Visitor: 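Sending over a structure as structure tokens; questions will come in a sec.
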Amino acid sequence: MSDLLPQQELAALRDQLHRYAYQYYVLDNPTIPDSEYDRLFQRLLTLEAEYPELKTADSPSMRVGGAPLPELKAVEHAVPMLSLNNVFSQTELDAFDVRVSTLLQKQGIAVSTLTYCVEPKFDGLAVSLLYQNGVLVQGATRGDGQRGEDVTENLRTIRTLPLRLPATAPTLLEVRGEVLMLKHDFARLNTEQLARGQKTFINPRNAAAGSLRQLDSKMTAQRRLSFFAYGIARLEGGTMPETHDQALQQLRQWGFPICEHVQCVQGAAGLWQAYQQIEQQRDSLPYELDGVVYKVNDFALQQQLGFVSRAPRFAVAHKFPAQEALTEVEAIEIQVGRTGALTPVARLKPVFVGGVTVTNATLHNEDEVLRKDVRVGDTVIVRRAGDVIPEVVAVVLERRPEAAQQDSARFRLPAVCPVCGSHVVREAQEAIARCSGGLVCSAQRKQALLHFAARRAMDIEGLGDKLVDLLVEKDWVRTPADLYQLTEEQLATLPRMAEKSAQNLCAAIAKSKHTSLPRFLFALGIRNVGEATARDLALHFTSLPALQNATVDELLQVSDVGPIVAQSVCDFFAESHNREVIAQLLTAGVQWPDCAAPELSASASALAGKTVVLTGTLTTLSRDEAKQRLLAMGAKVAGSVSKKTDYVVAGEAAGSKLDKAMSLGIPVLSEAEFLALLVN
Ligand code: IVH
């Protein structure tokens, strides 16, 4: 390139960088390595620094932002930026279609079924982009619709927004679209803000608005904003397309990002179907939308329909049920979980949000309440998105009542458990505070019983929430062992408990006595011991007594068991109360297939004395652990398959050893079959 004049080299660099950035950001299809892009970009910056007079408004270097501005200038919109009227139901949607058709008919235009374009209603902020001779010269916010703010420099930092258009573009083009922040960029920004000790944003829309209206465009450049074009406001020196969908196609060809969920449909039925479809996709889309927009597709018809006050007659927004709403905090209560974890929960004045009436919202833990500074009496923003449990997003501080303004109104976690009065402990480094009452605490007892009876634990069918509440309240059941003392006659006296149900429950309890060691360990609800750890422990120790007597060091030998889990297991079995409950369970007849001491199981084992070859990748334990387990059971582990091989254990992507085993007719065990042999 060195024999080129600087302006020629700069022009070539700008061309290349525009093309690569478009491929990378808009098409999501990079054609060169990032390092090459960075190299070209550096070269551009160096040349522009050397020849500042050659820097242009459409240079990719504009993406990094410029000097801070003293203020954002006002911009008069040549074509006003209007708003949309809303509909909220299928009935209102039908009425919109009827209104449009009737209006057209009155003007002598015969329409049977109208074609509409349906697109997401992005939850960001509207902007207008002015291109002269293919170069972005001005970008503005909507403002009051007549006058907005000049945010050109900030808009230039948005990677997907074209700074220049192809030579085929019209001489003057004004494009309308939405600036927004993708959900994952929003989450990342908030994580970074937290880490820097700075305030977090309430939602992606606020984050996008805050980022776009910065005086310092370098700041905007650091926030990842996105852009979707949805209309053409002015076009000179070119041909205006005839329909909205053609306009979008055209914009796409000029390099603008267009949402892929735009579709053309027929009549009200088509609108309704598209609405439902987009609503279903809503949570899985990478950006937030607050509804869909219906637009009459044909521009000639749009013109016939015209506007009423500040909104078009040819388009309407169909809003989704809101996912956020304002309500008041009536109380902050503390819920006690199975392991004693205390979770603050906001009791709310009922509010309809996300399609349901919400009365509670989780506040997660003490630190979260303090960070958000939620107080009783506060007005808060509650959010319920999809099936996610409702949460308090933020407090509306301006609405804090006087009584809540005192420092004493600040949330404080109680020092004792609200259910049993035992003291509350919060270990250093832990976000969770816990009730120290163990099974003395009826809240923990209820949760522990539900966990014990769960399908993946002891699997006691029919022992649900309400029943456990009753059993604990009547003090019939204090520990899981008490479940095995319940009688049919006793159960039949409970409210709403028919004789047959009592019989079924007793049968389910009896059936649960026959279990496996991993299930039993999981059911005990040892802190930090989930299903997978329970299985690892059972595999390693093979018997309950061996596990009960294991030291922390011995526990650390188990795969995937670290110091925290090892300590939890030790602490659990050190508690005499826990040992007592276990003894009672065993006395009641809870049992599992024997896998006692390694020596014993070795002789009893199906694998004792056998030669086993391991091949492929095992997902639940490492190759080495599998080998150790086999050796402990008296098996020999060989590296290659021969006629002497008794079993081949085939994990994922097993290759030639498996082929050989098949050809020799040697029994092949799947990972699941192998595990079953190890545990039983
Ligand atoms: S068309 C004549 N299309 O909705 C109005 N607007 O209430 C032209 N919006 O301020 C707007 N997504 O910020 C249109 N696909 C979409 C939109 C959309 C979001 C916003 C836009 C505007 C507001 C109008």
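We count ligands from 1, going down the list as the structure has it; atoms in each ligand are counted the same way. In this text, all values refer to a predicted model and were calculated from it rather than measured experimentally.
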Visitor: To which protein heavy atom is atom 4 (O) of ligand 1 closest, and what is the distance rounded to 0.1 Å?
Guide: K121 NZ, 3.2 Å

Visitor: Is the shortest distance from a Lys or Arg side-chain nitrogen in E76 or R147 to a carboxylate oxygen in the other one below 4.0 Å?
Guide: yes

Visitor: Does Y51 have K55 sitting over its ring (NZ/CZ under 6.0 Å from centre, angle to axis within 45°)?
Guide: no

Visitor: With a cut-off of 4.0 Å, which atoms of ligand 1 are near a heavy atom of L82?
Guide: 2 (C), 5 (C)

Visitor: Measure R142 to ligand 1 on non-hydrogen atoms and call it side chain, backbone, both or neither using the 4.0 Å cut-off.
Guide: side chain

Visitor: Using a 4.0 Å heavy-atom cut-off, which part of V293 comes near ligand 1: side chain, backbone, both, or neither?
Guide: side chain

Visitor: Considering the heavy atoms of A126, write down every atom of ligand 1 situated less than 4.0 Å from one of them.
Guide: 10 (O), 13 (O), 21 (C)

Visitor: Do the ring centers of F122 and F228 come within less than 6.0 Å of each other?
Guide: yes

Visitor: How does K295 reach ligand 1, if at all, at less than 4.0 Å between non-hydrogen atoms: by side chain, backbone, both, or neither?
Guide: side chain

Visitor: Please report whether ligand 1 has a polar contact with P312, defined as an N or O pair separated by less than 3.5 Å (distance criterion only).
Guide: no

Visitor: Which protein heavy atom lies closest to atom 8 (C) of ligand 1, and at what distance to 0.1 Å?
Guide: L84 CD2, 4.4 Å

Visitor: Heavy atom under 4.0 Å from ligand 1: found in F122's side chain, backbone, both, or neither?
Guide: both

Visitor: Measure the distance from atom 22 (C) of ligand 1 to every protein heavy atom, then report the residue, atom name and distance (to 0.1 Å) of the closest one.
Guide: Y230 OH, 4.0 Å

Visitor: Can you name the atoms of ligand 1, numbered from 1 with element, that are less than 4.0 Å from a heavy atom of E119?
Guide: 3 (N), 15 (N), 16 (C)

Visitor: Would you sort out whether F186 and Y287 count as a ring-ring contact (aromatic ring centres under 6.0 Å, His included), showing the intermediate values?
Guide: CA-CA 10 Å; F186 167 71; Y287 41 79; over 10 Å; no

Visitor: Could a heavy atom of P120 be found less than 4.0 Å from some atom of ligand 1?
Guide: yes

Visitor: Is the shortest side-chain N to carboxylate O distance from E328 to R399 below 4.0 Å?
Guide: no

Visitor: Does the separation of the ring centres of Y131 and F256 fall below 6.0 angstrom?
Guide: yes

Visitor: Tell me the contacting part of E178 for ligand 1: side chain, backbone, both, or neither, using a 4.0 Å heavy-atom threshold, strictly below.
Guide: side chain

Visitor: Below 6.0 angstrom between ring centroids: does that apply to Y294 and H318?
Guide: yes

Visitor: Going by side chain to side chain donor-acceptor pair (under 3.5 Å), Y230 matches just one of R176, K121, E178. Which one?
Guide: E178

Visitor: Any chance the rings of F314 and F307 have centres within less than 6.0 Å?
Guide: yes

